[in-house]
> 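Here it is: the structure, laid out below.
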Amino acid sequence: MLFFGNLLKESGKTSRLAKTATTSLNDIVVVLLGLTVGCSTQASEFLTFNTIKIFALGAFAFIIATASGVLFVKLMNLFLPKNNKINPLIGNAGVSAVPMAARISNNIGLEYDRHNFLLMHAMGPNVAGVIGSAVAAGTLLGFLS
């Protein structure tokens with residue numbers, strides 16, 4: 001089901017269904033999921049200082065990951081020949097959240113140069129970040145069990 005939307009879109013035969021899946025159907029599913037999770041959660045359990053700390057730590061982790069990815073590419077560029085430099089936006093895509101980081105890198109690159117297509121190049125570090133997160137989570141679970 002994760003690739004169902006891409007299948008609808010890329011097949012080229014179901015344009016109305018693909019448009020519905022990306023707009024109104026997606027909105028309906030998000031509202032229903034939010035409603036069911038919200039109805040089953042007690043406010044006294046969810047709205048605590050610990051929850052706010054977890055959200056703040058998550059935001060801080062994304063900030064650090066994005067900044068260190070960009071800075072690491074800039075450091076690599078110091079040692080690469082002039083004709084082999086890497087776009088620092090590629091380092092931004094190393095955040096292992098979702099492929100949205102790669103799309104954002106691509107869109108920002110296109111804003112400055114209409115011929116600067118970074119999506120495929122940005123997906124490499126994005127997938128590597130996802131794999132790294134899975135390995136780290138597996139290692140953590142191994143230590144905990």
> Who are the side-chain hydrogen bond (donor to acceptor under 3.5 Å, both in side chains) partners of S68, not counting sequence neighbours?
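Residues passing side-chain hydrogen bond (donor to acceptor under 3.5 Å, both in side chains) with S68: none at all.
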> Starting at CG of L119, measure out to CG of N107 and round the result to the nearest 0.5 Å.
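That separation rounds to 8.5 Å.
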> Sort and list the pairs that fulfil side chain to side chain donor-acceptor pair (under 3.5 Å) and have at least one residue in residues 84-95, not counting sequence neighbours.
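Qualifying pairs, neighbours excluded: N92-S105.
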> Would you give the length of the straight line joining atom CD1 of I54 to atom CZ of F49, rounded to the nearest 0.5 angstrom?
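One gets 11.0 Å once the value is rounded to the nearest 0.5 Å.
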> Examine V73 and L89 and state if one hydrophobic cluster contains both, with Ile, Leu, Val, Met, Phe, Trp and Tyr joined whenever side-chain heavy atoms are less than 4.5 Å apart.
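Yes, because V73 and L89 connect within a single hydrophobic cluster, where side-chain heavy atoms sit under 4.5 Å apart.
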> Can you list everything that forms a side-chain contact (heavy atoms from CB on, under 4.5 Å) with L17? Sequence neighbours excluded, please.
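If we apply the side-chain contact (heavy atoms from CB on, under 4.5 Å) test to L17, skipping adjacent residues, the hits are L8, T14.
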> With distance as the sole test, does N106 use its side chain to make a donor-acceptor pair with the main-chain N or O of F117 at under 3.5 Å?
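No.
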> Is there a path of hydrophobic side-chain contacts, each under 4.5 Å between heavy atoms of I, L, V, M, F, W or Y residues, that connects I86 with I108?
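Cluster IDs for I86 and I108 match.
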> Determine, stepwise, if the pair L71 / L75 fulfils side chain to side chain contact (heavy atoms under 4.5 Å, CB included).
CA-CA 6 Å; L71 292 174; L75 178 70; over 6 Å; no
> According to a 4.5 Å side-chain heavy-atom criterion applied to Ile, Leu, Val, Met, Phe, Trp and Tyr, with indirect links allowed, do I90 and Y112 form part of one hydrophobic cluster?
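Hydrophobic grouping puts I90 with Y112.
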> Who clusters with L32? Use side-chain heavy atoms, under 4.5 angstrom, across I, L, V, M, F, W and Y, and order the result by chain and number.
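L32 clusters with I28.
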> Does T51 have any side-chain hydrogen bond (donor to acceptor under 3.5 Å, both in side chains) partners at least two apart in sequence or in another chain, and if so, which?
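Once residues adjacent in sequence are excluded, the partners of T51 under the side-chain hydrogen bond (donor to acceptor under 3.5 Å, both in side chains) criterion are T48.
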> Tell me which pairs pass side chain to side chain donor-acceptor pair (under 3.5 Å) where either residue lies in residues 52-62, with sequence neighbours left out.
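Listed once each, the pairs are N50-K53.
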> Among the clusters formed by ILVMFWY side chains lying less than 4.5 Å apart, do M123 and V70 turn up in the same one?
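No: no chain of side-chain contacts under 4.5 Å links M123 to V70.
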